[in-house]
Amino acid sequence: MTELLQRGRDYFSSQFGTAPDGVWSAPGRVNLIGEHTDYNDGFAFPLAIDKRTAVAARSRADRMVRVASSSFPGVVELSLDDLDPDGLSGWAAYPLGVAWAMSEALRQEGRDAGRLTGVDLALSSDVPAGAGLSSSAAVECSVALALNELWGAGLDRQELARVGQLAENRVVGAPTGIMDQSASLLGEPDHGILLDCQSLRTEAVPLGFSAAGVGLLVIDTRTSHSHADGGYASRRRSCEDGARSLGVRSLRGLGPEDLPRAASVLDAQTFRRVRHVVTENQRVLDTVAMLRTSGPAAIGPFLNASHVSMRDDFEISTAELDLAVSSAQELGAIGSRMTGGGFGGAAIALVRNDVAVRVAEGIVQAFARAGFAAPHIFPVTASAGARRDC
Ligand code: GLA
C-alpha cells in the first residue's frame, strides 16, 4: 500500500471512527503543450503526474454528506437535500460541488437523484495547491470516481470529467475548460493524453521519456494564481469576441492561414489573443507528430515557442515564470514553458536526466540573484489516471 493510501485510510478512521468502504485517488497534471485551447474547442496535450489526491469514502444510510480534508481543520456536513451550488464556499466546495454536479448529471439523465444516499469523505493529497498542477481537478476526479461507484451511477470517464468541470465552473466559479479533469481521469504511465476538445476524442500518446534519457522538471514559482478571478475569464472573453467577429463558432474554426484576415478585422489586442490560440493548436499537433517521428529530444522548439506566445500574445506569464523558462533554456533544457492557466504557478522544463540537477540548481541561483523567493523544483513522471486503490 502506498504511503498516501495508508494516510488516507488512517485519516478517515481518525475523523469518522470507522474504516472506509474504499479509497480512490486521482492525480494532478502538467500540460506539456496546448494552453488556453481547451475552451476554444482546440487541442491540448497534458499528462497525469505522480502526485495524487486520495479520498477514503464510506456510504451512509441517510442523506448526509460529511467531508474532511487533512489540509484543513474540521468536518463540513450538509444534507444532499441542501446542496446549493451558490451556497458552497472554501475547500469543501470542491467535493460538495462534485456531489451536486453528479446529482445534476443523473437528474438530467432522468434518474431519481432524490434516492441517492449520503457519504463520508476524507481527503488527503500530495498535489501542491496553487501551483498550477490542478490540485482541484485531483480532488474533483477522485471524489467523482468514488461517488460514481458508491452511487452506482455508471458514468464513463468523459462524463466524470464533465461532472468535475461543472463543479469547478458552477460551484467554484472558475470558467475553466475540460483539460485538467480529462488528464486526471484518462492519464496513463509514460503517456501524454492528446485531447481534441471539439470532438472530445482522446488518444494516449507514448512519451518515450525514459528511453530517451529525458524527464520533466516542474518549477513551482510559488507565486499564486486563482482562476476564479479576472485574468483567466478576460482571456476567455477575448477569444469568444474574436471568434464572433470572425464569424466562427469557436477559434477552432480558424487555422494559421486565417491570421492575415484576423489581423485586418480585429483590434490589436484581440488579434494577439487569437493568434496565440491558433498557433498553439498547431504546436500541439506538431509536438505530437515530432514525438512520433523523432522522440522527445526533438520537441523543445515547440515548447519554447509556446512560452513566447503566452508571454507576448496571450500575456499570461509573470516575471518569475519568464525567469524560470529563460534560465532553464540557458542551462541546457531541451525546452521549457509555463504550464497551466498562468498569472503565476509553475513552469516545466524538459531536460536530459544527466543535467537535471544542474539545471534545477541553476534556476534556484537565478531566482536568488533576481531577488525572487526560492522556487520549488521537482521531477514528475507521467502516471496513471484516477483509480480505485483499495
Ligand atoms: C486551467 C484550466 C484549464 C485550461 C488551462 C489553460 O488549468 O483549468 O481548463 O484552460 O488553465 O490551458
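Both ligands and their constituent atoms are indexed starting at 1 by order of listing. Small disclaimer: the values here were computed from a predicted structure and weren't measured. FYI, side chains are in, hydrogens and waters are out, and symmetry mates aren't considered; it's all heavy atoms of this structure.
The hydrophobic cluster around Val357 extends to none of the other residues, as no ILVMFWY side-chain heavy atom falls under 4.5 Å of it. Through direct or relayed side-chain contacts under 4.5 Å between Ile, Leu, Val, Met, Phe, Trp and Tyr, Val359 connects to Leu217, Ile219, Leu323, Leu331, Val351, Val355, Ile363, Val364, Phe367, Phe372, Ile377.
No option in Thr37, Asp38, Asn31 other than Asn31 meets the side-chain contact (heavy atoms from CB on, under 4.5 Å) test with Glu35. With Ser309 as the fixed residue, the side-chain hydrogen bond (donor to acceptor under 3.5 Å, both in side chains) test singles out one of His276, His36, Arg337, Glu280: His276.
For Asp196 and Arg201, the salt-bridge test fails: no basic side-chain N is under 4.0 Å from an acidic carboxylate O.
Close approach of ligand 1 to Gly177 is summarised as follows: ligand atoms under 4.0 Å from at least one heavy atom of the residue are 9 (O). Below 4.0 Å from some heavy atom of Thr176 lie the following atoms of ligand 1, by number and element: 2 (C), 8 (O), 9 (O). Close contacts of ligand 1 with Met179, meaning ligand atoms under 4.0 Å from a residue heavy atom, involve 4 (C), 5 (C), 12 (O).
Between the choices Asn40, Asp38, Thr37, the shortest heavy-atom distance to atom 9 (O) of ligand 1 belongs to Asp38.
Here Arg29 has side-chain heavy atoms under 4.0 Å from ligand 1, and that is the only part of it that gets that close.
Between Ser134 and ligand 1, no pair of N/O atoms sits closer than 3.5 Å. Here's the thing with Tyr232: one of its N/O atoms is less than 3.5 angstrom from an N/O atom of ligand 1. The distance criterion of under 3.5 Å between nitrogen or oxygen atoms is met by His36 with respect to ligand 1.
For the pair Arg252 and Phe43, the cation sits on the ring face: its NZ or CZ lies under 6.0 Å from the ring centre, inside 45° of the axis.
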